[in-house]
Enquirer: 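First, the structure itself, so that you have it in front of you.
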Amino acid sequence: MTTEPTRVLFVCLGNICRSPTVEQVFRDQAEKAGWAAQFVADSAGTGGFHAGEPPDRRAIRHARERGYDISGLRARQVGPADFERFDLILAMDALVLEGLQRIQKFSRGNRAELTLFLDFLPERKGQDVPDPYQGGPEGFEHVLDLAEQGSTALLRELLKRKGMFGCGC
Ligand code: 4NP
(Lines give C-alpha, C1' and ligand atoms only; values in the text may rest on other atoms or scores of the structure.)
Protein backbone atom coordinates (compact mmCIF):
# COMPACT_ATOMS: atom_id res chain seq x y z
CA MET A 1 0.00 0.00 0.00
CA THR A 2 1.38 3.41 -1.03
CA THR A 3 1.23 6.14 1.61
CA GLU A 4 2.90 8.90 -0.42
CA PRO A 5 0.19 11.46 -1.31
CA THR A 6 -0.90 11.55 -4.94
CA ARG A 7 -0.56 15.07 -6.31
CA VAL A 8 -3.34 16.20 -8.63
CA LEU A 9 -3.50 19.48 -10.59
CA PHE A 10 -6.80 20.56 -12.17
CA VAL A 11 -6.44 22.99 -15.07
CA CYS A 12 -8.88 25.23 -16.98
CA LEU A 13 -8.38 28.47 -18.93
CA GLY A 14 -8.71 31.25 -16.34
CA ASN A 15 -8.45 29.27 -13.06
CA ILE A 16 -11.37 31.27 -11.68
CA CYS A 17 -14.41 29.09 -12.51
CA ARG A 18 -14.00 25.38 -13.33
CA SER A 19 -10.66 24.23 -11.95
CA PRO A 20 -10.91 25.88 -8.49
CA THR A 21 -14.39 24.37 -8.16
CA VAL A 22 -13.13 20.90 -9.03
CA GLU A 23 -10.08 21.33 -6.78
CA GLN A 24 -12.27 22.03 -3.74
CA VAL A 25 -14.90 19.39 -4.53
CA PHE A 26 -12.18 16.76 -4.92
CA ARG A 27 -10.44 17.89 -1.70
CA ASP A 28 -13.70 17.84 0.29
CA GLN A 29 -14.70 14.42 -1.06
CA ALA A 30 -11.30 12.97 -0.14
CA GLU A 31 -11.57 14.47 3.34
CA LYS A 32 -15.13 13.23 3.90
CA ALA A 33 -14.08 9.73 2.86
CA GLY A 34 -11.19 9.87 5.35
CA TRP A 35 -8.41 9.95 2.74
CA ALA A 36 -7.30 13.60 2.95
CA ALA A 37 -3.69 12.66 3.74
CA GLN A 38 -3.46 10.60 0.55
CA PHE A 39 -3.94 13.53 -1.81
CA VAL A 40 -2.63 17.00 -2.61
CA ALA A 41 -4.99 18.98 -4.86
CA ASP A 42 -4.24 22.23 -6.65
CA SER A 43 -5.51 24.12 -9.70
CA ALA A 44 -4.15 26.48 -12.35
CA GLY A 45 -5.05 28.10 -15.67
CA THR A 46 -3.41 27.89 -19.08
CA GLY A 47 -3.99 31.66 -19.26
CA GLY A 48 -2.40 34.04 -16.77
CA PHE A 49 -4.87 36.92 -17.15
CA HIS A 50 -6.56 36.27 -13.77
CA ALA A 51 -3.41 35.31 -11.83
CA GLY A 52 -3.61 36.33 -8.18
CA GLU A 53 -7.39 36.79 -8.28
CA PRO A 54 -9.98 34.90 -6.23
CA PRO A 55 -12.48 32.75 -8.12
CA ASP A 56 -15.31 34.39 -10.07
CA ARG A 57 -17.96 35.56 -7.57
CA ARG A 58 -20.63 33.47 -9.32
CA ALA A 59 -18.48 30.36 -8.93
CA ILE A 60 -17.96 31.21 -5.23
CA ARG A 61 -21.71 31.66 -4.68
CA HIS A 62 -22.83 28.50 -6.47
CA ALA A 63 -20.16 26.44 -4.73
CA ARG A 64 -21.12 27.86 -1.34
CA GLU A 65 -24.76 26.88 -1.91
CA ARG A 66 -23.58 23.26 -2.11
CA GLY A 67 -21.29 23.58 0.90
CA TYR A 68 -17.93 24.17 -0.81
CA ASP A 69 -15.79 27.19 0.14
CA ILE A 70 -13.56 28.24 -2.77
CA SER A 71 -13.27 31.91 -1.70
CA GLY A 72 -9.71 31.55 -0.35
CA LEU A 73 -8.27 30.07 -3.57
CA ARG A 74 -6.15 32.27 -5.86
CA ALA A 75 -5.58 31.89 -9.58
CA ARG A 76 -2.19 31.06 -11.05
CA GLN A 77 -0.85 30.11 -14.45
CA VAL A 78 0.32 26.57 -15.14
CA GLY A 79 3.96 26.12 -16.18
CA PRO A 80 6.46 23.43 -17.28
CA ALA A 81 7.57 22.83 -13.65
CA ASP A 82 4.06 21.58 -12.81
CA PHE A 83 4.77 18.51 -14.95
CA GLU A 84 7.57 17.62 -12.52
CA ARG A 85 5.62 18.42 -9.34
CA PHE A 86 2.32 16.64 -10.04
CA ASP A 87 1.40 13.00 -10.61
CA LEU A 88 -1.71 13.87 -12.59
CA ILE A 89 -2.60 17.00 -14.55
CA LEU A 90 -6.27 17.00 -15.51
CA ALA A 91 -7.65 19.35 -18.17
CA MET A 92 -11.21 20.65 -18.06
CA ASP A 93 -11.60 20.68 -21.86
CA ALA A 94 -9.93 19.69 -25.11
CA LEU A 95 -8.54 23.17 -25.80
CA VAL A 96 -6.92 23.33 -22.37
CA LEU A 97 -5.53 19.83 -22.96
CA GLU A 98 -3.92 21.03 -26.21
CA GLY A 99 -2.38 24.00 -24.41
CA LEU A 100 -1.03 21.71 -21.72
CA GLN A 101 0.50 19.36 -24.30
CA ARG A 102 2.45 22.32 -25.68
CA ILE A 103 3.67 23.37 -22.21
CA GLN A 104 4.57 19.74 -21.41
CA LYS A 105 7.23 19.85 -24.17
CA PHE A 106 9.16 22.43 -22.13
CA SER A 107 9.17 20.31 -18.99
CA ARG A 108 12.41 18.57 -18.12
CA GLY A 109 11.09 16.01 -15.64
CA ASN A 110 7.70 15.55 -17.25
CA ARG A 111 6.42 12.73 -15.08
CA ALA A 112 2.78 13.82 -14.84
CA GLU A 113 -0.02 11.83 -16.42
CA LEU A 114 -1.95 14.29 -18.60
CA THR A 115 -5.56 13.66 -19.56
CA LEU A 116 -9.09 15.11 -19.45
CA PHE A 117 -10.70 15.32 -16.00
CA LEU A 118 -13.87 13.60 -17.23
CA ASP A 119 -11.93 10.65 -18.68
CA PHE A 120 -12.27 9.02 -15.26
CA LEU A 121 -16.07 9.02 -15.55
CA PRO A 122 -16.88 6.23 -18.07
CA GLU A 123 -20.17 7.75 -19.28
CA ARG A 124 -18.46 11.10 -19.96
CA LYS A 125 -15.08 9.93 -21.24
CA GLY A 126 -13.63 12.41 -23.75
CA GLN A 127 -16.09 15.15 -22.80
CA ASP A 128 -15.43 18.74 -21.73
CA VAL A 129 -16.46 20.52 -18.56
CA PRO A 130 -18.07 23.46 -20.44
CA ASP A 131 -16.76 26.96 -19.70
CA PRO A 132 -19.50 28.79 -17.72
CA TYR A 133 -17.84 32.23 -17.86
CA GLN A 134 -20.01 33.88 -20.54
CA GLY A 135 -23.26 32.13 -19.63
CA GLY A 136 -25.93 32.03 -16.94
CA PRO A 137 -26.28 30.34 -13.55
CA GLU A 138 -27.13 26.94 -15.03
CA GLY A 139 -23.59 26.72 -16.40
CA PHE A 140 -22.13 27.02 -12.91
CA GLU A 141 -24.55 24.39 -11.60
CA HIS A 142 -23.50 22.08 -14.45
CA VAL A 143 -19.83 22.59 -13.53
CA LEU A 144 -20.66 21.59 -9.95
CA ASP A 145 -22.58 18.49 -11.10
CA LEU A 146 -19.63 17.40 -13.24
CA ALA A 147 -17.12 18.30 -10.52
CA GLU A 148 -18.97 16.07 -8.02
CA GLN A 149 -19.44 13.13 -10.41
CA GLY A 150 -15.95 13.38 -11.87
CA SER A 151 -14.24 13.75 -8.49
CA THR A 152 -15.99 10.66 -7.10
CA ALA A 153 -14.84 8.65 -10.13
CA LEU A 154 -11.30 10.05 -9.90
CA LEU A 155 -11.06 9.36 -6.18
CA ARG A 156 -12.21 5.76 -6.66
CA GLU A 157 -9.67 5.19 -9.45
CA LEU A 158 -6.77 6.72 -7.52
CA LEU A 159 -7.59 4.77 -4.37
CA LYS A 160 -7.79 1.61 -6.47
CA ARG A 161 -4.34 2.37 -7.89
CA LYS A 162 -3.02 2.81 -4.35
CA GLY A 163 -4.49 -0.54 -3.40
CA MET A 164 -7.03 1.05 -1.06
CA PHE A 165 -10.29 -0.66 -1.80
CA GLY A 166 -13.58 -0.09 0.03
CA CYS A 167 -12.76 3.60 -0.08
CA GLY A 168 -16.09 4.76 1.40
CA CYS A 169 -16.67 7.28 -1.40
P1 4NP B 1 -12.43 29.06 -16.33
O2 4NP B 1 -13.41 30.16 -16.96
O3 4NP B 1 -11.46 28.68 -17.42
O4 4NP B 1 -13.35 27.96 -15.96
O5 4NP B 1 -11.76 29.74 -15.15
C6 4NP B 1 -12.97 31.30 -17.60
C7 4NP B 1 -12.64 32.42 -16.87
C8 4NP B 1 -12.24 33.58 -17.49
C9 4NP B 1 -12.15 33.61 -18.87
C10 4NP B 1 -12.43 32.50 -19.62
C11 4NP B 1 -12.85 31.34 -18.98
N12 4NP B 1 -11.73 34.82 -19.52
O13 4NP B 1 -11.70 34.84 -20.76
O14 4NP B 1 -11.44 35.81 -18.85
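One-based numbering, in listed order, for ligands and for the atoms of each.
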Enquirer: List the atom of A44, the atom of Q77, and the distance in Å for their closest heavy-atom pair.
Expert: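 Where A44 meets Q77 most closely, the heavy atoms are CB-C, 4.2 Å.
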Enquirer: Which residue supplies the protein heavy atom nearest to atom 2 (O) of ligand 1, what is that atom called, and how far is it?
Expert: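 Result for atom 2 (O) of ligand 1: D131 OD1, 3.3 Å.
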Enquirer: Below 4.0 angstrom from a heavy atom of C17, which ligand 1 atoms are there? Numbered from 1 as shown, please.
Expert: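 Here the atoms of ligand 1 in question are 1 (P), 2 (O), 4 (O), 5 (O).
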Enquirer: Taking both backbone and side-chain atoms of C12, is any N or O found less than 3.5 Å from an N or O belonging to ligand 1?
Expert: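 Looking only at distances, the answer is no, because the N/O contact criterion of under 3.5 Å is not met.
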Enquirer: Among T152, L154, L155, find the one that has a side-chain contact (heavy atoms from CB on, under 4.5 Å) with F120.
Expert: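 Single pass found, and it is L154.
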Enquirer: Any N or O of F49 that comes nearer than 3.5 Å to an N or O of ligand 1?
Expert: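 No: no nitrogen or oxygen of F49 is under 3.5 Å from one in ligand 1.
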Enquirer: If you measure every N/O of H50 against every N/O of ligand 1, is any gap under 3.5 Å?
Expert: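 The answer is yes, given that H50 and ligand 1 share an N or O pair closer than 3.5 Å.
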Enquirer: Please say whether the positively charged group of R7, taken as NZ for Lys or CZ for Arg, lies over the ring of F86, i.e. under 6.0 angstrom from the six-membered ring centre and within 45 degrees of the axis.
Expert: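 Relative to the ring axis of F86, which defines the angle, R7 lies inside both limits.
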Enquirer: With heavy atoms only and a cut-off of under 4.0 Å, state how I16 meets ligand 1: side chain, backbone, both or neither.
Expert: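 For I16, backbone and side-chain atoms both sit under 4.0 Å from ligand 1.
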Enquirer: Which of the listed options, L13, D93, T46, holds the heavy atom that is closest to atom 10 (C) of ligand 1?
Expert: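 Shortest heavy-atom distance from atom 10 (C) of ligand 1: L13.
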Enquirer: Counting heavy atoms not belonging to R57, are there more than 12 under 6.0 Å from its CZ?
Expert: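 Not buried by this count: 12 neighbours or fewer within 6.0 Å.
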Enquirer: So which of R124, E141, R18 actually passes side-chain contact (heavy atoms from CB on, under 4.5 Å) with L146?
Expert: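 One option only clears the test, and that one is R124.
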Enquirer: Identify, for atom 9 (C) of ligand 1, the protein heavy atom at the shortest distance, and state residue, atom and that distance.
Expert: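 The protein heavy atom lying closest is Y133 CD2, 3.6 Å.
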Enquirer: Just let me know how N15 lines up against ligand 1, side chain, backbone, both or neither, with a heavy-atom cut-off below 4.0 Å.
Expert: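 For N15, the contact with ligand 1 is made by the backbone alone.
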Enquirer: Numbering the atoms of ligand 1 from 1, which are under 4.0 Å from a heavy atom of G14?
Expert: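 Per the distance check, 1 (P), 3 (O), 5 (O).
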Enquirer: Side chains of Q24 and D69: donor-acceptor distance under 3.5 Å anywhere?
Expert: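 Distance-only check fails for Q24 and D69.
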Enquirer: Parallel under 30°, tilted from 30 to 60°, perpendicular over 60°: which one fits the rings of F10 and F117?
Expert: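 Rings of F10 and F117: perpendicular, as their planes differ by over 60°.
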